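Comments concern the structure below.
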Amino acid sequence: MTNRIDTRLADLRKQGRAAFVTFLMAGDPDPATSLAIVEALPEAGADIIEIGMPFTDPMADGPAIQAAGLRALKGGMTLRKTLDLVRGFRAGDDHTPIVLMGYYNPIYIYGVETFLADAKAAGVDGLIIVDLPPEEDEELCLPAMAAGLNFIRLATPTTDDKRLPAVLANTSGFVYYVSITGITGAAAANAARVGEAVARIKRHTRLPVCVGFGIRTPDAARDIAGAADGAVVGTALVEALAKSLDAGSRATPATVKAVADLTASLAQGVRAAARAAG
Amino acid sequence: MTIQKPNSFRSGPDERGHFGMFGGRFVAETLMPLILDLEKAYAEAKADPAFQREMNGYLKDYVGRPSPLYFAQRLTEHLGGAKIYLKREELNHTGSHKVNNVLGQIMVARRMGKQRIIAETGAGQHGVATATLCARFGLDCVVYMGAVDVARQEPNVIRMEMLGAKVVPVQSGTRTLKDAMNEALRDWVTNVHDTFYCIGTVAGPHPYPMMVRDFQSIIGVETRAQMQEAEGRLPDSLIACIGGGSNAMGLFHPFLDDPSVEIFGVEAAGHGLDKLHAASLTGGRPGVLHGNRTYLLMDADGQIQDAHSISAGLDYPGIGPEHSWLHETGRVTYLSATDEEALSAFQLLSRLEGIIPALESAHAIARVIDLAPKRPKDHLMVVNLSGRGDKDVPQVGDILKSRKTT
Ligand SMILES: Cc1ncc(COP(=O)(O)O)c(C=O)c1O
């Protein structure tokens with residue numbers, strides 16, 4: 001079964017360039033603006049769209065993404081509405097892959113089987129769940145793969161060679177390499193070290209490796225894109241969004257454009273990369 | 001749904017850290033290798049007689065164990081029923097049961113060669129115990145504490161700083177214990193190479209709930225022997241307050257397979273169970289947070305709800321996974337006590353026995369006040385006095401003063 005993620009990454013490989021992956025929080029700062037932003041992303045150069053599922057207790061996220069989640073929740077966002085957002089986007093775009101990223105509890109409470117069916121029907125392609133390591137694969141990973149969704153695994157600098165086979169065993173779509181030990185938005189990724197890590201992971205898998213956490217600028221995006229199959233940017237986009245809001249954290253006429261403009265310049269960085277990863 | 005009764009209530013968790021459906025290891029991949037290392041290091045320590053010997057030495061001469069099992073004569077006479085014994089954990093060095101667990105974890109951290117210790121704290125008792133043992137062993141110590149708790153438990157903040165710890169007030173979320181734990185986890189993910197996370201209760205990912213329980217079980221082990229000596233038999237009932245559930249689990253665990261012993265846990269009912277409270281078993285349902293599956297207070301979307309309790313140490317929207325299992329299997333009965341009931345019990349124990357309890361422990365006393373009169377005079381009831389109330393004196397003093405003037 002081919003899916004949008006495999007198709008998109010194979011196309012980009014043929015074009016000889018890395019993927020640009022964006023992350024923004026669903027419903028930030030309100031559902032309508034959030035849909036307008038997501039709709040603007042492909043045109044601005046996003047190849048794959050990650051959408052955060054807001055959660056009250058995001059243990060792996062820094063202040064910017066924590067605040068984005070709280071803005072969304074305050075605006076009434078729920079997991080059901082996150083799926084509505086995906087459905088809304090799919091009405092106008094049937095090609096750009098959508099990956100939902102977040103924490104397990106809202107999915108567990110929604111009901112795993114119902115969630116997987118609803119997510120698939122809404123047009124979701126993959127899931128990244130921060131607090132589900134391979135040790136808990138029976139919870140969601142195996143049911144998600146059975147339902148035809150990609151379950152994308154996080155590999156980190158602490159995932160050593162001994163552990164990599166377990167981490168890569170039940171995974172599909174791509175591998176998300178977390179380039180720093182830390183929370184989102186903290187340190188800056190070092191391209192040389194990232195290159196070594198990507199090579200190490202590729203000795204264990206044929207899946208593409210995308211790299212995220214700590215990429216903030218077009219130059220950094222270019223460097224990382226030169227060392228991997230894709231570069232993920234989240235915090236920088238979320239911060240650009242936050243900066244465009246009014247004093248009451250409401251969207252302004254500048255909000256969608258602020259995110260689209262930064263997306264475009266980061267995408268240029270990615271496209272400028274000399275392709276290294278094979 | 002009927003829950004299968006196990007042959008023993010003391011055999012959990014399984015090798016994946018499950019107590020029935022509860023527990024597990026729901027953590028970010030960055031932490032997973034370390035958690036597996038910790039599991040191994042703890043298993044080795046547990047099997048090492050030298051580790052046990054060293055720990056017993058510190059428990060005796062540094063912590064001051066065994067803690068007395070004290071017959072509360074005036075409280076017993078006042079209530080007119082069961083014979084009430086207090087397990088005096090408040091007499092431990094640093095003033096609560098928390099030190100039992102911290103000593104054990106710090107010794108494991110030393111075996112693992114970790115030089116930097118982080119902790120979350122609510123009431124500050126776990127933070128104080130951690131700061132104390134870090135001072136004793138020359139380790140760096142950072143304690144995360146919700147900004148709300150920093151304000152209401154100021155004496156403990158001052159103590160931690162005197163002991164050389166860095167106290168970080170947490171401004172995110174509800175600014176209480178749950179957010180302190182989030183922030184500690186964020187620190188841990190960032191500094192995983194040199195940092196040991198000393199969790200203060202029977203929660204978190206496996207092996208923490210088991211390890212903390214083991215270190216706290218000394219409470220119940222001593223109680224068994226002391227009651228045998230005082231009365232020549234087992235107690236008839238046990239009662240303890242529950243935040244995450246470590247003082248309760250420490251008292252309960254050695255008695256779980258003695259069917260004659262009735263066991264009660266007391267959660268914080270805050271303003272009342274129909275208002276803001278912290279009673280996860282009574283008012284919550286199973287979910288996943290902070291590394292394990294357990295009962296949580298949350299909304300229909302799975303978002304964690306604000307807890308409330310007058311006592312910072314109980315102000316947490318979850319509970320250790322083993323308690324969730326003991327609740328579903330029916331082995332332990334979980335009750336609750338409101339802020340007001342705890343305040344009354346706080347004053348009653350102070351006046352009748354000359355013991356000012358921690359507000360946390362006062363929740364257990366509050367349920368003794370209505371359980372004891374309904375039991376016969378030869379019923380032996382043990383209450384875990386998990387901590388002393390020094391830290392609460394300013395807060396309770398302010399509340400009582402404001403009531404006099406209005
Ligand atoms: C004196 C005292 N008792 C009880 C608790 C609650 O924790 P646990 O339920 O883990 O015993 C605390 C926590 O801060 C405490 O300080």
Side-chain angles (χ1 to χ4, degrees), chain A residues 53-63 66-67 69-70 72-73 76-82 102-111 115 129-136 138-140 153-160 162-164 166-167 176-178 180-184 186-187 213, chain B residues 15-18 21 23-37 39 170-174 178-179 181-195 204-206 284-294 296-306 317-318:
Chain A
M53 298 175 278
F55 184 48
T56 38
D57 294 80
M59 290 149 346
D61 286 302
Q66 289 174 40
L70 292 182
L73 290 172
M77 207 59 191
T78 60
L79 187 49
R80 203 167 292 282
K81 289 184 190 168
T82 298
Y103 298 81
Y104 183 41
N105 195 54
I107 293 174
Y108 179 67
I109 294 306
Y110 193 105
F115 170 76
I129 308 299
V130 177
D131 53 353
L132 286 178
E135 280 73 7
E136 303 291 351
E138 287 154 33
E139 295 285 335
L140 183 66
R153 191 81 78 185
L154 300 170
T156 72
T158 60
T159 314
D160 58 18
K162 200 166 78 212
R163 192 170 159 73
L164 263 176
V167 169
Y176 187 138
Y177 180 65
V178 175
I180 53 165
T181 56
I183 52 178
T184 50
F213 282 43
Chain B
E15 68 286 353
R16 295 169 61 211
H18 292 151
M21 70 176 285
R25 287 177 287 213
F26 296 88
V27 296
E29 171 61 22
T30 309
L31 295 177
M32 209 46 228
L34 184 68
I35 280 174
L36 295 173
D37 283 353
E39 190 182 341
V170 175
Q171 301 290 354
S172 61
T174 53
K178 137 182 117 74
D179 308 287
M181 192 147 187
N182 287 333
E183 216 51 44
L185 284 163
R186 289 179 187 124
D187 178 315
W188 202 24
V189 168
T190 309
N191 300 297
V192 64
H193 59 285
D194 70 346
T195 297
H206 178 65
R285 60 208 165 102
V288 174
L289 181 70
H290 292 156
N292 66 89
R293 176 170 14 239
T294 193
L296 298 170
L297 300 179
M298 57 189 154
D299 70 12
D301 189 44
Q303 305 297 337
I304 308 304
Q305 281 175 324
D306 296 3

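Heavy atoms only: backbone and side chains are in, while hydrogens, waters and symmetry mates are out. Please read these numbers as outputs of a predicted model, since none were measured by experiment.
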Measuring heavy-atom distances to chain A, does B:His193 have an atom under 4.5 Å in its side chain, in its backbone, in both, or in neither? neither

Chain B contact via A:Met53 - which portion, at a heavy-atom distance below 4.5 Å: neither

Less than 4.5 Å to any heavy atom of chain A: does that hold for the side chain of B:His206, its backbone, both, or neither? neither

Please report the C-alpha distance between A:Phe55 and B:Ile304 in whole Å, then the side-chain angles of each, then the deciding distance to 0.1 Å, and finally whether the side-chain contact (heavy atoms from CB on, under 4.5 Å) criterion is met. CA-CA 8 Å; A:Phe55 184 48; B:Ile304 308 304; 3.9 Å; yes

Between B:Asp301, B:Asp179, B:Leu34, B:Val189, which residue shows the highest count of heavy-atom pairs closer than 4.5 Å to chain A? B:Asp301

Please look at B:Pro205 and chain A and tell me whether the side chain, the backbone, both or neither of the residue comes under 4.5 angstrom of a heavy atom of that chain. neither

Where A:Gln66 and B:Ser172 come nearest, the two heavy atoms and their spacing: OE1-CB, 3.6 Å

Heavy-atom closest contact (B:Arg186 atom, A:Met59 atom, distance): CG-O, 3.0 Å

Checking heavy atoms, do the side chain of A:Asp160, its backbone, both or neither come under 4.5 Å from chain B? neither

Is B:Met32 close to A:Glu136 at the side-chain level, that is, under 4.5 Å between some pair of heavy atoms? no

Short side-chain to backbone donor-acceptor contact, B:Arg285 and A:Ile109, under 3.5 Å: no

Chain B contact via A:Leu73 - side chain, backbone, both or neither, heavy atoms under 4.5 Å: side chain

Is there a donor-acceptor pair closer than 3.5 Å between any side-chain N or O of A:Asp131 and the backbone N or O of B:Phe26? no

Side-chain (A:Thr56) to main-chain (B:Gln303) donor-acceptor, under 3.5 angstrom: no

Note: B:Gly302 and A:Asn105 closest approach over all heavy atoms is O-ND2, 2.8 Å

Under 4.5 Å from any heavy atom of chain A - which part of B:Ala184: neither

Tell me which of these, A:Tyr110, A:Tyr104, A:Tyr103, has more heavy-atom pairs under 4.5 Å with chain B than the rest. A:Tyr104

Test item: A:Glu135 and B:Leu36 side chains (from C-beta on) under 4.5 Å apart, heavy atoms: yes

For residues B:Glu29 and A:Pro134, report the shortest heavy-atom separation together with the two atoms involved. OE1-CD, 3.7 Å

So which part of B:Met298 gets closer than 4.5 Å to some heavy atom of chain A, the side chain, the backbone, both or neither? side chain

Look at A:Gly62, A:Pro106, A:Ala60 and state which one has the largest set of heavy-atom pairs under 4.5 Å with chain B. A:Pro106

Sort out for me which of A:Ile129, A:Val178, A:Thr156, A:Val167 touches chain B most, counting heavy-atom pairs under 4.5 Å. A:Thr156

Side chain, backbone, both or neither of B:Leu289 within contact of chain A (heavy atoms, under 4.5 Å): side chain

